[in-house]
Visitor: 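Input: one structure, supplied below.
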Amino acid sequence: MIRTILRMGDPRLLQVSGPVTEFNTRFLDELLADMFETMRAADGAGLAAPQIGIHLRVVIFGFDRNERYPEAPAIPPTVLINPTLEPLTDELEDGWEGCLSVPGLRGVVPRVARLRYSGFDAKGNAYSRDVDGFHARVVQHECDHLDGILYPMRVKDFSKFGYTDVLFPGDMRGE
Ligand code: NI
């Protein structure tokens, strides 16, 4: 079922989410199925549970090709529950971000360039992955949602924050 995505200004997006304590429940399975359906319907690169009003530490991301980020390399469909992020470098990288909760806008955000993320998959199996580039960016963006942080709060250079169609006229990257 496609769920409604909360938009910036809704105080629920600023709440800190709590950990998942039970796996292989009907509730969690349905939540994940709905999150994938909602993300794909909105052509998102990722989605965090609090964006649909569920305050659990659950994020999903991944795509083959994404209209919103046409230059981005594919990321495998990923479920990440109760995540921890460990930077593997001090290096920060600037990159454009958008958010389904902040439709129509884009901004440049500095993020750690390389990191290891660890957590649990949909069945409760622990795993970790070392990633960089856009993959590392997406994980940081989605996990920020679990702590009530939206990417505009991380924008440093407000000359690189604005409406997508003004920033990228004639570009088809959509919202
Ligand atoms: Ni977002």
Side-chain angles (χ1 to χ4, degrees), residues 2-20 31-85 92-113 115 117 119 129 131-158 160-165 167-168 171 173-175:
I2 295 176
R3 310 269 193 110
T4 302
I5 298 174
L6 306 181
R7 287 178 306 145
M8 186 168 65
D10 191 310
R12 288 174 288 178
L13 287 169
L14 305 179
Q15 278 177 238
V16 176
S17 294
V20 170
L31 173 65
L32 290 169
D34 287 357
M35 284 176 69
F36 274 106
E37 200 179 338
T38 303
M39 177 180 79
R40 283 169 179 151
D43 199 28
L47 189 72
Q51 289 182 275
I52 56 168
I54 303 294
H55 288 95
L56 289 171
R57 302 187 80 79
V58 175
V59 304
I60 63 163
F61 46 86
F63 51 85
D64 291 329
R65 261 199 88 254
N66 191 283
E67 295 296 330
R68 287 162 51 84
Y69 300 95
E71 300 90 15
I75 298 175
T78 300
V79 170
L80 180 59
I81 297 173
N82 298 347
T84 55
L85 305 187
L92 297 178
E93 223 166 53
D94 281 340
W96 287 98
E97 294 186 19
C99 180
L100 298 177
S101 294
V102 191
L105 296 171
R106 289 297 169 104
V108 165
V109 181
R111 298 282 188 187
V112 170
L115 59 82
Y117 64 83
R129 249 184 218 161
V131 296
D132 58 13
F134 193 70
H135 194 151
R137 174 170 302 280
V138 168
V139 177
Q140 291 171 82
H141 175 115
E142 296 313 328
C143 290
D144 264 356
H145 280 295
L146 306 181
D147 294 321
I149 298 166
L150 300 170
Y151 85 81
M153 301 174 187
R154 298 212 183 265
V155 169
K156 301 279 185 245
D157 176 357
F158 282 89
K160 298 196 177 80
F161 178 58
Y163 291 97
T164 311
D165 60 338
L167 288 162
F168 305 105
D171 193 305
R173 70 186 72 203
E175 299 247 292

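FYI, side chains are in, hydrogens and waters are out, and symmetry mates aren't considered; it's all heavy atoms of this structure. One-based numbering, in listed order, for ligands and for the atoms of each.
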Visitor: Less than 4.0 Å between a side-chain N and a carboxylate O, is that true for R111 and E97?
Guide: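 Between R111 and E97 there is a salt bridge, with a charged N closer than 4.0 Å to a carboxylate O.
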
Visitor: What distance do I60 atom CD1 and D34 atom CG have between them, rounded to the nearest 0.5 Å?
Guide: 10.0 Å

Visitor: Please report the closest heavy-atom contact between R57 and S17, naming both atoms and the distance.
Guide: NH1-O, 2.9 Å

Visitor: Have a look around the Ni ion (ligand 1) and list protein N/O/S atoms under 2.8 Å, or say none.
Guide: C99 SG, H141 NE2, H145 NE2

Visitor: Under 3.5 Å, sequence neighbours excluded: what are the donor-acceptor pairs made by side chains of residues 46-54?
Guide:
unit_1	atom_1	unit_2	atom_2	d
Q51	OE1	A48	N	2.9
Q51	NE2	S101	OG	2.9

Visitor: Has R154 got a side-chain atom pairing as donor or acceptor with I149's backbone, closer than 3.5 angstrom?
Guide: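 Checking the backbone N and O of I149 against the side chain of R154, no donor-acceptor pair under 3.5 Å is found.
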
Visitor: So, taking the atom named CE in M39 and the one named CD1 in I5, what distance separates them when rounded to the nearest 0.5 Å?
Guide: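 Answer for the CE-CD1 pair, M39 versus I5, is 10.0 Å.
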
